[in-house]
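Below: the structure, in structure tokens.
Below, read A as the first sequence line, B as the second, and so on, with proteins coming before strands; counting in each chain starts at 1.
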There are 2 protein chains.
Amino acid sequence: MASTDQLTKAGEQALTGTQSLADRLFLSLRKDIVEGRMAAGSKISEPELARRFDASRGSLREALMRLDSLGLIERRVNVGARVVALSDRGLLELYDVREALEGMACRLAAENRTDADIAELRQMLARHEQQEELQAGTAYYQPEGDFDFHFRIVQASNNELLIDTLCNKLYYRVRMYRYQLGMASPRAHRAFREHSHIIEAIEAGDGELAEILMRRHIRASRSNIAKKLSSS
Amino acid sequence: MASTDQLTKAGEQALTGTQSLADRLFLSLRKDIVEGRMAAGSKISEPELARRFDASRGSLREALMRLDSLGLIERRVNVGARVVALSDRGLLELYDVREALEGMACRLAAENRTDADIAELRQMLARHEQQEELQAGTAYYQPEGDFDFHFRIVQASNNELLIDTLCNKLYYRVRMYRYQLGMASPRAHRAFREHSHIIEAIEAGDGELAEILMRRHIRASRSNIAKKLSSS
DNA sequence: CCAACCAGGATTGTCGACACTTTTTAGTGC
DNA sequence: GCACTAAAAAGTGTCGACAATCCTGGTTGG
């Protein structure tokens, strides 16, 4: 339950200019929820949080409102807010939505590809390969490497709505599940090859193939998780 | 600019129980934006709106916060909020996201179909057919009928995240474009046949086909719009 | 004439206090 | 001991006021 308690007042405001107190509260709370410092399903007390962050309840409520529309907390009128509960079903639903959206993102990335995008994707893949050779085995398909990959492809889709929906909304829920259920998948080598083939399809401008490969990639991950869930 | 000015204090609270003032403000403003009573791209003055709705700025700000995360307004720190601007690009982006998500919804609806869902879909289609025969021609593919159809299928997907994303978020943007650009498509008969085939695929439990047909259906509509846009 | 600068006014961000609702707790009767 | 009631405590919803910031128009200097 112990939180960071320190709002990075100066940090992170390079890009967007100054940010409000409510913004910082929002970012800080989002981090705490995603990384499990606020337990999933636990109740949220506005006065207590306001004291802890040394802010007024009004500003805090603004932050909570935004967490609500991110789907990270649930609010009920006159009752209060709780951190959203994690469930097997919720995780599987997330995979289905990602399959649809990231498949489309991958198709668009292939259709609108630019030299810069491809160069960056290839470079990232090379980095991952190096890393994989070093820590042969289970290391690659980790939050970091895998996430970078998916994140980058979505960015290359050139569809603002898609980028916003995935990168600014859904991915926080994904991260929350990863952190808290500790998804260390044993699909390291296979996942790397799949990533490689996806980039090839994008480079070739083959949107249809790129989408199919991305969907398979995500579906395979989903099956893997589903199997693990059913056996516990 | 003249608004409804009357918050339905009693209405709509049957399902969720009592709703807060901020809730009602949110619903009312959302309606005004979607239906164009607040012009797209226009600036929003918090004090003015608060006076108009006879509410405090705090409650109003809560409503604005939620409109922001719906993507219906855009806020900038210390500057204020504007109703989101409509653009050709934004409309086309919306279609791509819908194609991905509704395609998936359609697949899931086929895979998890229930007798109740199918009965309701068939019944709705029959209603639309009747309506089409009456007003032969351009009447069917109208906001109402078409929207009901897509809405119902998404509901049948049995994926809470998908339902929430489409029905409680994206569709308001869709409605906004429909209202304000007045999309009266001449695809009446064809669209109806497409709907019919989609339902058949769902009824047959053929998720793959159902998804393909839905994606084609949406993509055809997108092409239609794209053509119209480029010729103006 | 144009650019930079500087009030004045208006708008946004933040706060503390009050009203109402829900939950908890203490008490009473059976 | 248990169920029901009622008071009190805690929590949420709403409001009005103050402080910080931004936009507007006019002014000054080059």
Flag side-chain contact, heavy atom, 4.5 Å: Ser42(A) against Arg82(A):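 SC-SC contact between Ser42(A) and Arg82(A) ruled out.
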
For the pair made of [atom1] in [X] and [atom2] in [N], what is the distance, rounded to whole Å?
| X | N | atom1 | atom2 | answer |
| --- | --- | --- | --- | --- |
| Ile44(A) | dG11(D) | CD1 | C1' | 14 Å |
| Leu25(B) | dG13(D) | CG | C1' | 12 Å |
| Glu48(A) | dA10(D) | CD | C1' | 13 Å |
| Glu46(A) | dT14(D) | CD | P | 12 Å |
| Arg76(B) | dT21(D) | CZ | C1' | 13 Å |
| Leu21(B) | dT14(D) | CG | C1' | 7 Å |
| Leu49(A) | dA10(D) | CG | P | 17 Å |
| Arg82(B) | dC23(D) | CZ | P | 11 Å |

Find out whether the Lys NZ or Arg CZ of Arg30(A) is both under 6.0 angstrom from the six-membered ring centre of Tyr172(A) and within 45° of the ring's axis.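 Arg30(A) over Tyr172(A) ring: yes.
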
Counting only distance, no hydrogens or angles, is the base of dG13(D) paired donor-acceptor with the side chain of Arg57(A) under 3.5 Å?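 By the distance-only test, yes, there is a pair.
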
Please determine whether a side-chain nitrogen of the Lys or Arg among [X] and [Y] lies less than 4.0 Å from a carboxylate oxygen of the Asp or Glu.
| X | Y | value |
| --- | --- | --- |
| Arg107(B) | Asp96(A) | no |
| Arg215(A) | Glu211(B) | yes |
| Arg152(A) | Glu120(A) | yes |

Would you say the side chains of Asn224(A) and Ser221(A) form a donor-acceptor pair under 3.5 Å?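 Ser221(A) and Asn224(A) do not have a side-chain donor-acceptor pair below 3.5 Å.
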
Terminal contacting nucleotides, 5' and 3', DNA chain C versus chain B (heavy atom, 4.0 Å):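 Span of nucleotides near chain B: dT12(C) to dT14(C).
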
Nearest-nucleotide 5' precedence on DNA chain C, Val77(A) against Arg75(B):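 Counting from the 5' end, the first nearest nucleotide belongs to Arg75(B).
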
State yes or no: are the ring centers of His128(A) and His195(A) separated by less than 6.0 Å?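 No, the ring of His128(A) stays outside the 6.0 Å limit from the ring of His195(A), centre to centre.
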
Would you mind classifying the nucleic acid contact of Gly80(A) as base, sugar-phosphate or nothing, using non-hydrogen atoms under 4.0 angstrom?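 Here Gly80(A) touches the backbone only, sparing every base.
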
For dT12(D), does OP1 or OP2 lie under 4.0 Å from any side-chain N or O of Lys43(A)?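 Answer is yes, contact under 4.0 Å.
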
